[in-house]
Amino acid sequence: MFWLIVILIVAVGITLLVMQQNGMLGAGKQRPELPSLKRNVFNLQIGDIVQYLGTDWMVEGSLTYDVDGYTWMEYMLQDGDEIRWLSVEEDDTVEVTFLEPNNQLDVSQNPPQQLNFAGDTYRCVDSGTAKMTRKGTVVRRNAQRCQYFDYESSSDKVLSIEIWDGEMEVTVGERISPRSLTLLPGDGQRVYGD
């Protein structure tokens, strides 16, 4: 009889242990869900690394542009003193552009429908006013709204003009394949900011 009780207690203990490991028994507190470490161009976080053309760019900030519910994102990337913008938009297809700030183009507060820059002709394909949501460092882009003018050339080059509280910023770059980027999760901390 003694051995029967011992075998019964061991069997019940093993059964309860197996049920707990398989999630059939509550273990008291639920474990907090960890953020995903898988990165794509839509979920980059501050401190992540974007590898492109042999350079490791740190994500220092992000902007979400909103025009009547249609949104797109721009991530401010930094490597030392160099700054680039990674723009991500989904409109039937995913469009990713890699942009560099440029102060060599002199444009009035009313940008034209077509302009020439560095031997290329660009035509305006979209313009309007966007509301802004920001995280981290975004340089001088601190207004609640901005006017934007998006241009493209016949060779996948792009040019963007944004007006922030009267201050104009021009960026120039090109469309790239998201597959040309290697995205690595970081620690959530800015490297170059305060």
Can you list, pair by pair, the side-chain donor-acceptor contacts under 3.5 Å of residues 45-54, counting residues two or more places apart and other chains?
from	atom 1	to	atom 2	distance (Å)
Q45	NE2	N43	O	3.1
D48	OD1	R39	NE	3.3
D48	OD1	R39	NH2	3.4
D48	OD1	G186	N	2.7
D48	OD2	R39	NE	2.4
D48	OD2	Q45	N	2.8
Q51	NE2	D56	OD1	3.1

Which of Y70, W72, Y65 passes side-chain hydrogen bond (donor to acceptor under 3.5 Å, both in side chains) with E89? Answer is Y70
Exercise for the section: Verify whether one side chain among Y122 and E152 offers a donor that lies under 3.5 Å from an acceptor in the other. Expected result: no
Closest non-hydrogen atoms of P112 and C124, given as atom of the first, atom of the second and distance, are O-CB, 4.3 Å
Shortest non-hydrogen pair, V41 vs Y75, comes out as O-OH, 2.9 Å
Report task. Starting from the C-alpha separation in whole Å, work towards a yes-or-no answer on side chain to side chain contact (heavy atoms under 4.5 Å, CB included) for D156 and E174. Result -> CA-CA 6 Å; D156 270 347; E174 62 186 347; 5.5 Å; no
- Query: Just by modelled atom types, is the R179 backbone N or O under 3.5 Å from a matching donor or acceptor in the S177 side chain?
  - Reply: yes
| message | Around atom CG of D187, are there more than 12 heavy atoms from other residues, nucleotides or ligands closer than 6.0 Å? | response | yes
| message | Working note: K157 + F117, criterion side chain to side chain contact (heavy atoms under 4.5 Å, CB included); need CA distance, chi angles, decisive distance, verdict. | response | CA-CA 11 Å; K157 291 183 180 177; F117 178 72; over 6 Å; no
Original post:
Any link between L184 and M58 through a network of hydrophobic side chains (Ile, Leu, Val, Met, Phe, Trp, Tyr) touching at under 4.5 Å?
Top reply: yes
With side chains defined as the heavy atoms from C-beta onward, is the minimum distance between V67 and Y148 less than 4.5 Å? yes
Starting from L183, can I reach V59 by hopping between I/L/V/M/F/W/Y residues whose side chains sit under 4.5 Å apart? yes
The reported gap from CG in L105 to CG in N103 (rounded to nearest 0.5 angstrom) is 10.0 Å
Looking at side-chain heavy atoms only, is the closest gap between V107 and I161 below 4.5 Å? yes
(Q) Under 4.5 Å between side-chain heavy atoms, counting indirect links through other Ile/Leu/Val/Met/Phe/Trp/Tyr residues: same cluster for L44 and V96 or not? (A) yes
Output for pair (L99 CG, T171 OG1), nearest 0.5 Å, gives 4.0 Å
*Starting from the C-alpha separation in whole Å, work towards a yes-or-no answer on salt bridge (charged side-chain N to carboxylate O under 4.0 Å, His left out) for K131 and D66.*
CA-CA 5 Å; K131 291 188 300 183; D66 185 324; 5.1 Å; no
>> If we count only N and O atoms by modelled type, under 3.5 Å, do the side chains of S62 and R134 hold a donor and an acceptor together?
In response: no
Worksheet entry | Close side-chain approach of Y151 to Q113, heavy-atom, < 4.5 Å | no
| query | Is E100 paired with R84 through a side-chain N to carboxylate O contact shorter than 4.0 Å? | reply | yes
Only residue of Q78, E60, R190 satisfying side-chain hydrogen bond (donor to acceptor under 3.5 Å, both in side chains) with T137 is R190
Separation between CG (N110) and CZ (F149), nearest 0.5 Å, reads 7.0 Å
Taking the side chain as every heavy atom from C-beta outward, state whether D79 and Y192 have any atom pair closer than 4.5 Å. yes
In this structure, CG of L63 is separated from OG1 of T133 (nearest 0.5 Å) by 9.0 Å
More than 12 heavy atoms of other groups within 6.0 Å of D106 CG: no
Looking only at heavy atoms, the pair that brings A130 and M132 closest together is O-SD, 3.9 Å
Rounded to the nearest 0.5 Å, the OG1 atom of T129 sits from the CD atom of Q147 at a distance of 5.0 Å
Between the CG atom in L159 and the OG1 atom in T97, the distance rounded to the nearest 0.5 Å is 11.0 Å
**Request:** Would you tell me whether N116 and T121 have side-chain atoms, one donor and one acceptor, within less than 3.5 Å of each other?
**Result:** yes
Looking only at heavy atoms, the pair that brings R145 and W164 closest together is O-CE3, 4.2 Å
For L86 and I176 the tightest heavy-atom approach is CD1-CD1, 4.3 Å
I'd like to check I163 versus C146 (side-chain heavy atoms, cut-off strictly below 4.5 Å). Are they in contact? no
